[in-house]
Participant: 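Encoded as structure tokens, here's the structure I'll be asking about.
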Amino acid sequence: MSDSAVRVRYGPSPTGEPHIGNIRTALFDWLLARRHGGQFIVRIEDTDQARRVEGAEEGILEALRWLGLDWDEGPDIGGPHAPYRQSERLPLYREAAERLVAAGKAYRCFCSPDRLDAVRKAQQQQKLAPGYDRHCRNLTPEQVDAAAADGPGVVRFAMPREGTTVVEDALRGAVEFRNELLDDHVLLKRDGFPTYHLASVVDDREMRISHVIRGEEWLPSAPRHVAQYEALGWAPPIWVHVPIIRGADKGKLSKRHGATSVRAYAEQGFLPEALLNFMALLGWSKDESTTIMSRAEMVEAFSIEGLGLASAMFDLERLSEMNARYIRALSPANFLERGRPWLEAAVGREVDLGRLLPLAPSIQERVKLLPELVDYADFFYAEGALEYSNEELMGRGYRGKPWAALEALEAALRLLRGLEGWDAAGLEAGLRGLAEERGEKPGALFTPVRVAVTGKRIAPPLFETLEVLGREATVGRLNAAAERLARPDD
RNA sequence: GGCCCCAUCGUCUAGAGGCCUAGGACGCCAGCCUUUCAAGCUGGUAGCACGGGUUCGAAUCCCGUUGGGGCCA
């Protein structure tokens with residue numbers, strides 16, 4: 001197979017937000033395409049009219065864009081095999097179904113839902129494998145005409161009754177299925193829309209798809225697809241059924257495991273690079289030691305052979321850790337810019353990020369998720385009094401001794417008011433000197449200052465914080481703290 | 001229940017018969033560093049599901065068991 005023949009597709013259904021498990025197959029599609037200089041195609045599989053959700057298609061494309069998975073052909077940009085929405089390709093499916101019917105490889109079925117129900121119940125009672133009983137498979141042309149007068153019915157595929165169908169899976173080799181265990185599945189529904197089975201096969205063929213990468217949950221229906229390729233006289237694509245992603249309870253990852261949509265992760269402050277890197281490592285690995293990889297490195301190293309067979313568990317802890325590493329690797333300016341939406345939402349107005357720049361690196365190494373920037377920076381933009389208790393203010397060093405804390409704050413105040421210059425180094429030298437002079441541990445003195453100035457016990461490094469805050473605001477906040485201490489606690 | 005897939009530290013994985021006394025990463029534990037919190041550094045903890053084969057030799061191959069998962073209902 002030549003590289004240029006690699007054509008892969010991502011076929012999401014517009015039924016909601018794109019799911020992590022689902023989008024990971026898109027990532028593998030994309031990686032394979034880019035690795036071999038092939039094409040990555042987005043095809044909207046909207047044949048289930050009932051489950052269609054307004055706006056879902058745009059959400060899917062947006063998720064792909066956010067992750068940086070660009071496509072070469074798709075519903076929005078078209079391409080040589082347009083249209084890329086299955087609902088707009090109905091004639092193709094009908095034609096294929098008719099061809100199969102004409103060849104005796106498929107047939108029209110007029111069984112009512114009630115009858116199907118009854119058949120299923122009877123099978124259950126007799127502990128037989130459930131499935132369509134092929135009632136309409138051998139209708140005479142006269143019978144078909146008569147039945148068709150009452151409605152079009154459905155078209156079913158006439159599965160071979162004997163022998164086996166082999167699915168040649170690129171990861172597991174030959175997987176055999178006994179044909180007698182496969183019932184005659186529906187190809188064309190009563191409403192004239194195709195089922196997944198028909199539409200995906202027809203489209204994959206028409207779009208010249210070389211590799212079908214999809215979740216393992218499709219393996220049981222793969223023999224149906226193989227049989228259809230045979231019946232239509234087409235060569236099947238290379239099948240790649242990738243392991244499912246599981247939640248913490250080992251079951252298939254789904255909504256009940258919490259956030260699963262790409263959008264939800266974006267909103268929680270995960271970086272697309274981190275999510276991408278994390279997803280790639282769920283079921284694939286570059287070598288024995290690499291865990292952090294750029295998109296380009298992933299593309300260069302990707303191969304189907306590198307995919308594993310065991311399903312992997314989605315570990316949020318790992319994703320968070322990876323996100324933290326990616327955040328630390330960001331340039332300070334870029335980091336602030338990415339955190340801006342959360343900071344501005346918290347502060348309630350537009351914010352000048354420039355002044356935070358000197359502090360950004362030390363915030364970056366304290367943050368796992370973008371919104372945590374708020375905890376380390378909102379006090380710079382606070383206008384009124386900060387919220388904290390006297391207990392927090394005193395810290396461990398002056399616990400239960402407000403007078404001592406007050407004294408310390410006043411000493412700090414005197415020092416800072418008269419300090420020459422206002423930079424982190426000078427502030428550190430001054431405050432350290434003061435602690436030494438007073439014969440106490442630096443930490444004891446620094447805590448009241450930190451809380452007074454930030455309103456929190458956990459904050460960015462103190463001296464840089466003071467530098468950024470400026471003398472006026474610092475002195476103001478220390479004064480406010482001293483006044484609080486002078487009053488009895490309430 | 002039937003069919004199918006899978007099985008290495010808690011988690012993600014490396015390993016394609018001797019390089020394995022099973023490697024890396026996350027987590028966890030301990031220590032160092034330290035103005036809070038982090039980050040960083042050092043060390044440690046922990047695994048080839050089980051039983052049979054095949055072979056001079058098996059985490060690696062075969063069979064079975066067990067376990068987990070998926071699909072159909």
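Lettering follows sequence order; numbering is per chain, from 1.
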Participant: Taking the side chain from A:Lys105 and the backbone from A:Glu230, do they hold a donor-acceptor pair closer than 3.5 Å?
Facilitator: no

Participant: Do A:Phe446 and A:Phe463 make the cut of ring centroids closer than 6.0 angstrom?
Facilitator: yes

Participant: Among the candidates B:A14, B:U35, B:C12, find the nucleotide nearest to the side-chain atoms of A:Pro442.
Facilitator: B:U35

Participant: Please check this pair: side chain of A:Asp184 against backbone of A:Met159, looking for a donor-acceptor N/O pair closer than 3.5 Å.
Facilitator: yes

Participant: From the list B:U13, B:C37, B:U35, which nucleotide is the closest neighbour of the side chain of A:Ala312?
Facilitator: B:U13

Participant: Once the angle between the rings of A:Phe28 and A:Phe302 is folded into 0 to 90°, is it parallel (under 30°), tilted (30 to 60°) or perpendicular (over 60°)?
Facilitator: parallel

Participant: Counting primed atoms plus P, OP1 and OP2 as sugar-phosphate and everything else as base, spell out the protein contacts along nucleotides 58-73 of chain B at 4.0 Å heavy-atom distance: B, S or - for each nucleotide, 5' to 3'.
Facilitator: ----------SSBS-S

Participant: Between B:C12, B:U35, B:C5, which one does the side chain of A:Phe463 approach most closely?
Facilitator: B:U35

Participant: Could you check whether the rings of A:Tyr265 and A:Phe314 sit parallel, tilted or perpendicular, using 30° and 60° as the cut-offs?
Facilitator: tilted

Participant: What does nucleotides 17-33 of chain B look like as a protein-contact string, B for base, S for sugar-phosphate only, - for none, at under 4.0 angstrom between heavy atoms?
Facilitator: ------BSBSS------

Participant: Of the listed nucleotides (B:U36, B:C12, B:A14), which one gets closest to any side-chain atom of A:Arg450?
Facilitator: B:U36

Participant: How close do A:Ile23 and A:Pro18 get, heavy atom to heavy atom, and via which atoms?
Facilitator: CD1-CB, 3.9 Å

Participant: When all nucleic acid strands are considered with a 4.0 Å heavy-atom cut-off, which category describes A:Leu281: base, sugar-phosphate, or nothing?
Facilitator: sugar-phosphate

Participant: For A:Glu176, report the nucleic acid contact type (base, sugar-phosphate, nothing); a contact means any heavy atom under 4.0 Å.
Facilitator: sugar-phosphate

Participant: For B:A39, does OP1 or OP2 lie under 4.0 Å from any side-chain N or O of A:Arg328?
Facilitator: no

Participant: Any residue in residues 400-421 of chain A with a heavy atom nearer than 4.0 angstrom to RNA chain B? Just list them by number, or reply none.
Facilitator: none

Participant: Would you mind classifying the nucleic acid contact of A:Phe177 as base, sugar-phosphate or nothing, using non-hydrogen atoms under 4.0 angstrom?
Facilitator: sugar-phosphate

Participant: Using a cut-off of 4.0 Å on non-hydrogen atoms, how would the nucleic acid contact of A:Gly283 be classed: base, sugar-phosphate, or nothing?
Facilitator: sugar-phosphate

Participant: Give a yes/no verdict on a cation-pi contact between A:Arg224 and A:Phe157, requiring under 6.0 Å between NZ or CZ and the six-membered ring centre and an angle within 45° of the axis.
Facilitator: no

Participant: Is the shortest side-chain heavy-atom distance between A:Arg338 and A:Ile327 below 4.5 Å?
Facilitator: no

Participant: Describe the nucleic acid contact of A:Ala310 in one word from base, sugar-phosphate, nothing, applying a heavy-atom distance below 4.0 Å.
Facilitator: sugar-phosphate

Participant: Starting the side chain at C-beta, find the nucleotide from B:C37, B:C12, B:C3 nearest to A:Leu181.
Facilitator: B:C3

Participant: Please determine which of A:Asp204, A:Asp29, A:Asp203 meets the salt bridge (charged side-chain N to carboxylate O under 4.0 Å, His left out) test together with A:Arg9.
Facilitator: A:Asp204

Participant: Only one of A:Leu282, A:Leu275, A:Asn277 forms a side chain to side chain contact (heavy atoms under 4.5 Å, CB included) with A:Leu319, so which one is it?
Facilitator: A:Leu275

Participant: Let's test your reading of the model: under 3.5 Å, does the base of B:C37 pair with the side chain of A:Arg366 as donor and acceptor?
Facilitator: yes

Participant: Tell which nucleotide pairs with B:C32, taking only Watson-Crick or G-U wobble pairs whose two distances are both under 3.5 angstrom.
Facilitator: B:G40

Participant: Any sub-3.5 Å donor-acceptor pair from A:Glu428's side-chain atoms to A:Ala425's backbone N or O?
Facilitator: no

Participant: Could you give the CG-to-P distance, from A:Leu309 to B:A16, as a whole number of Å?
Facilitator: 16 Å

Participant: How would you label the contact of A:Pro461 with the nucleic acid (heavy atoms, under 4.0 Å): base, sugar-phosphate, or nothing?
Facilitator: base

